[in-house]
2 protein chains.
Amino acid sequence: MPDHIVRHHGVMTEDGTSKSLGTPEGTDHHGADWNDAFQWDSREDCEVRQILDRIADKWSLLVIALLDDRTLRFTELRRLIDGVSQRMLTVTLRQLERDGMVRRTVYPVVPPRVDYELTALGRSLHATVQALVVWTERHQEDIIVARDRFDRALEPIAAVTAATAVTAGE
Amino acid sequence: MPDHIVRHHGVMTEDGTSKSLGTPEGTDHHGADWNDAFQWDSREDCEVRQILDRIADKWSLLVIALLDDRTLRFTELRRLIDGVSQRMLTVTLRQLERDGMVRRTVYPVVPPRVDYELTALGRSLHATVQALVVWTERHQEDIIVARDRFDRALEPIAAVTAATAVTAGE
DNA sequence: CGGAATCCACGCCGATACTG
DNA sequence: CAGTATCGGCGTGGATTCCG
């Protein structure tokens, strides 16, 4: 048995909710005691959560990063972002424009020319987003190692499960 | 015509790619000149992008925020996160465990007790994530205002479109 | 060139039932 | 209590077509 899974033995009570293992206040654990510690609002309809879902979007982060300090045309963005479809790029840019992150400029020429650039709000977001990107770059090795450990720890379990099934089946 | 949409008039050429509007180097714009400016890798199979997609996940952010400095049981997390299904919480926690963000501790008691807590890696991520949350909280008003402006600017266009359709139809 | 609109497939996710 | 397994809806997003 890998001891990093079961790291500590409980009191072997039949009640997992026993106070001897923590949980001081019983069931009343989601009242004011966690909320006042500047934890954010967990409600589903919370504005912050909706906004986070939007900016944490798969393509939004890329667009914001690429538009930093330079103006790009639609097709340029399309080329720079590997794997994005025309539809998703359009949708993403519209959302970012709606949220005030991106300014869209249409030139009345033919064929059309449309430029996209970050607004002040978008640039301020970029700084924070960049911090997240930097964190990811600096820790990606740790994450890869953790994944390998996790996956290798799981393989033997799968093997045992298969063997058990065979044994039980015959 | 709202002038904030067409903010600047081009040269009225028939070629939207005209150099007179910018784009100094012509089509060779995605070579080394943008990549060496510490811009991140835009390739779809890039590790950083995959990891970002994961941690920017709808539920992951909440779980990481809630596990900061405290250990929680499965059911506690379930109660604290409004709207999460048992399935998604399980999946999210497994992914976070696999990525080395969360430590899962199983107590061999009946009924089972499972504790979740952040690892050192998870805590370091939390700091960065928190910055993003703080940014969102501080700018949510700006975003709401921007959305209202955008939506109100769009309504008259829709009205004109409908009127035009009626006129053309009769 | 930069979209908008339509169609459709795939995958995510919720609901439900069952297990240890 | 803390899951796993299975099914099914439906939303997301890709491919395609057409337009200004």
Side-chain angles (χ1 to χ4, degrees), chain A residues 5-6 10 12-18 21-23 27 29 44 53-54 57-60 63 71-79 81-95 97 102 104-116 154 157-158 160-161 164-165 168, chain B residues 5-6 10-18 21-23 27 29 44 53-54 57-60 71-79 81-95 97 102 104-116 154 157-158 160-161 164-165 168:
Chain A
I5 299 228
V6 178
M12 284 301 186
T13 173
E14 284 188 337
D15 183 11
T17 61
S18 165
L21 283 170
T23 315
T27 59
H29 198 59
E44 202 164 11
D53 283 351
R54 189 119 311 173
D57 176 70
K58 173 176 175 125
W59 306 116
S60 296
V63 168
T71 298
L72 290 175
R73 300 180 54 169
F74 184 86
T75 311
E76 290 173 336
L77 278 169
R78 187 155 158 54
R79 268 201 307 268
I81 303 178
D82 181 47
V84 72
S85 68
Q86 184 192 39
R87 171 189 165 79
M88 286 318 294
L89 184 54
T90 300
V91 170
T92 300
L93 287 168
R94 282 295 177 285
Q95 284 175 349
E97 184 193 6
V102 162
R104 178 171 179 263
T105 309
V106 179
Y107 297 93
V109 296
V110 36
R113 175 193 178 92
V114 181
D115 281 359
Y116 292 95
L154 231 53
I157 296 177
V160 168
T161 306
T164 306
Chain B
I5 298 225
V6 178
V11 293
M12 284 301 184
T13 174
E14 284 188 337
D15 182 12
T17 61
S18 167
L21 282 170
T23 316
T27 59
H29 196 63
E44 200 165 12
D53 283 350
R54 190 118 311 173
D57 176 69
K58 175 178 175 121
W59 305 118
S60 295
T71 297
L72 290 174
R73 301 181 52 168
F74 184 86
T75 311
E76 289 172 336
L77 279 168
R78 187 154 159 52
R79 267 201 307 268
I81 303 178
D82 181 45
V84 72
S85 68
Q86 185 191 36
R87 170 188 166 81
M88 286 317 296
L89 183 55
T90 301
V91 170
T92 300
L93 287 169
R94 282 296 178 284
Q95 284 175 349
E97 185 193 6
V102 162
R104 177 171 178 265
T105 309
V106 179
Y107 298 93
V109 296
V110 32
R113 176 194 178 93
V114 180
D115 280 359
Y116 292 94
L154 231 53
I157 297 178
V160 169
T161 306
T164 306

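Each chain gets a letter, A, B and so on, in the order its sequence line appears, and its residues count up from 1.
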Rounded distance [0.5 Å steps], CG in L89(B) versus CZ in R94(B): 9.5 Å
Nearest heavy atoms of R54(B) and S60(B), plus distance in Å: O-OG, 3.4 Å
Length of the NZ-P vector between K58(A) and dG11(C), whole Å: 13 Å
Nearest heavy atoms of F74(B) and L93(B), plus distance in Å: CD1-CD1, 3.8 Å
Gap between atoms CG and C1', on L89(A) and dG14(D) respectively (whole Å): 14 Å
Worked check of side chain to side chain contact (heavy atoms under 4.5 Å, CB included) between Y107(B) and D115(B): CA-CA 8 Å; Y107(B) 298 93; D115(B) 280 359; 3.3 Å; yes
Integer-rounded Å distance: dC12(C) P and M88(B) CE: 9 Å
Rounded distance (Å) that lies between atom C1' of dG11(D) and atom CG of D53(A): 15 Å
Heavy-atom pair of closest approach, residues R78(A) and Q86(A): NH1-N, 3.4 Å
Short heteroatom pairs, N/O only, protein and nucleotides 3-7 of chain D, under 3.5 Å:
residue : atom : partner : partner atom : Å
dG3(D)  : OP1  : R94(B)  : NH2          : 3.1
dG3(D)  : OP1  : R104(B) : NE           : 3.3
dG3(D)  : OP1  : R104(B) : NH2          : 2.5
dG3(D)  : OP2  : Y116(B) : OH           : 2.5
dG3(D)  : N7   : Q86(B)  : OE1          : 3.4
dG3(D)  : N7   : Q86(B)  : NE2          : 2.3
dT4(D)  : OP1  : R94(B)  : NH2          : 3.4
dT4(D)  : O4   : Q86(B)  : OE1          : 3.4

W59(A) side chain, from C-beta outward: closest of dG20(D), dG14(D), dG14(C): dG14(D)
Gap between atoms CG and P, on D115(A) and dC1(C) respectively (whole Å): 14 Å
side-chain contact (heavy atoms from CB on, under 4.5 Å) involving V114(A) - partner list, sequence neighbours excluded: R104(A), V106(A), Y116(A)
